[in-house]
Amino acid sequence: MKVWVYLPLLLSALLPYVARFMAGRVAPAAAARTVTVAATAAASGFVCCLTLLALTLFDDLPPLWEFDDRPELGLPKPVPGLVALAAALVLMTGAVRLVRDVRIRRRVLRELRDAGRPRAGLVVADWAEPFAVAVPGRPGHILVTSGMLRVLSPGEQRVLFAHENSHLRRRHHRWVTAASWSAAVNPLLAPMAVLVGHLVERWADEEAAAVVGDRQLVAQAVAKASLAGRRKQVAPAMGMSGSGAVERVMALQRPGQRSRWQAVAGVTVLCLMLLAATALAAVEFAGVAQAWLDMIV
């Protein structure tokens, strides 16, 4: 266990840069899906390899420790104890981060649902603060404040509802959640979670533009909502004043992005390499484990 088990960890550090390059050359819907799947695959490989490293700690437990100082047996040596211990600590830290993320999402979702009972998929809260989000659920609904409605013109309100309905219809919270959980267990993927949050907003912007037929109006509504809404967007809710408003407005000034599928090749190849290295590491670990277990039997 000298190369393969470490390669997925290194590839995880490279993947966010390749994903960022790809995202600028692919339509937001395709980019969001691709980045999320890549992050999930990378997190799975990362956890698997850390688990393999942590499992080598068992050679320091009885009865295996009796064979540590017997080189004549020719047993394959696992990784150094400090490396195995560090892997175990990273795994535990990731588990804590994941549980915390789940708890935060549940708490925020509960608070947003307590804002009112939806009628026809809409809750209008009589709050001065400009605020609007898509609240996922079965069924999901839109929560908008009277303050936000006062800020936007009727045409811009139409954009707002088209944007939030896109979040609900496409279940964007699932892509954001998967990327966030991947980053929780593998901190190297944190930029990818941020990127997915931005991409689903771009995705909703493009669908809103298709509904209203006016990209300039959508850009204007995004700019207004972002300037008016000071509340920080908190998962799992998503709103038009969310991630990267300046970049989104600039993108809406241009024609819709057409997907260049060759740009996805880099992310795909990197993910395949990562998964292949993980599989080879598992095979290598199985060989080491079998050699040690044979000594017991």
Side-chain angles (χ1 to χ4, degrees), residues 23 26-33 36 109 112-113 115-127 129-177 195-259:
V26 179
R33 294 185 178 108
T36 303
L109 193 56
L112 291 173
R113 286 176 177 168
R117 184 182 298 275
R119 294 183 180 179
L122 176 66
V123 173
V124 178
D126 188 18
W127 302 344
E129 179 186 11
F131 182 59
V133 291
V135 183
R138 294 187 178 181
H141 66 272
I142 298 172
L143 169 62
V144 61
T145 67
S146 56
M148 179 62 82
L149 294 177
R150 283 193 293 269
V151 167
L152 303 178
S153 69
E156 292 163 350
Q157 291 177 16
R158 187 180 174 210
V159 172
L160 170 69
F161 292 124
H163 179 101
E164 302 302 344
N165 277 319
S166 174
H167 282 320
L168 295 176
R169 185 175 64 256
R170 300 298 185 182
R171 300 188 184 278
H172 289 164
H173 67 282
R174 293 184 176 180
W175 302 101
V176 172
T177 299
L195 179 58
V196 170
H198 173 69
L199 288 171
V200 297
E201 295 300 336
R202 285 276 299 110
W203 185 353
D205 290 342
E206 293 296 334
E207 293 207 337
V211 170
V212 302
D214 187 342
R215 298 180 66 83
Q216 186 60 41
L217 178 62
V218 176
Q220 182 176 312
V222 169
K224 269 192 180 182
S226 299
L227 290 173
R230 296 185 177 86
R231 178 180 295 205
K232 182 181 179 181
Q233 290 292 342
V234 181
M238 289 168 288
M240 195 169 68
S241 58
S243 174
V246 174
E247 292 84 353
R248 289 163 55 200
V249 170
M250 292 176 62
L252 287 164
Q253 304 297 322
R254 304 186 295 268
Q257 175 73 52
R258 297 183 62 182
S259 293

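All residue numbers in this chain count up from 1 along the given sequence.
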Results of salt bridge (Lys or Arg N to Asp or Glu O under 4.0 Å) for Arg169 - residues two or more places apart only: Glu207
Shortest non-hydrogen contact from Leu160 toward Met148: CD2-CG, 4.2 Å
Flag, side chain of Ser166 to backbone of Ala162, donor-acceptor distance under 3.5 Å: no
Which atom of Leu149 lies closest to which atom of Gln157, heavy atoms considered: O-NE2, 2.9 Å
Nearest-0.5 Å distance, CD1 of residue Ile142 to CD of residue Glu164: 6.0 Å
Heavy-atom pair with the smallest gap, counting every atom of Val196 and Ala32: CG2-O, 4.4 Å
Heavy-atom pair of closest approach, residues Leu217 and Gly155: CD2-O, 3.8 Å
Test side-chain contact (heavy atoms from CB on, under 4.5 Å) applied to Ala31 - qualifying residues, sequence neighbours left out: Met22, Ala23, Val26, Leu199
With Ala223 via side-chain contact (heavy atoms from CB on, under 4.5 Å) - residues at least two apart: Val249
Phe161 vs Val211 side-chain heavy atoms within contact, under 4.5 Å: no
Distance, nearest 0.5 Å, that separates NE2 of His163 from CG of Leu168: 10.0 Å
Partner residues of Ala221 under the side-chain contact (heavy atoms from CB on, under 4.5 Å) criterion, sequence neighbours left out: Glu156, Val159, Met240
Pairing residues for Arg215 by the side chain to side chain donor-acceptor pair (under 3.5 Å) criterion, not counting sequence neighbours: Glu206
Parallel, tilted or perpendicular: ring planes of His172 versus His167, cut at 30 and 60 degrees: perpendicular
Closest heavy-atom pair and its distance - Thr145, Trp127: CG2-CE3, 3.4 Å
Considering all heavy atoms, the nearest Ser226-Val222 contact: OG-O, 2.8 Å
Interatomic distance, Arg33 atom CZ to Arg170 atom CZ [nearest 0.5 angstrom]: 6.5 Å
Could you pull out all donor-acceptor pairs under 3.5 Å where a side-chain atom in residues 116-126 meets a protein atom, sequence neighbours excluded?
residue	atom	partner	partner atom	Å
Asp126	OD1	Ser146	OG	3.2

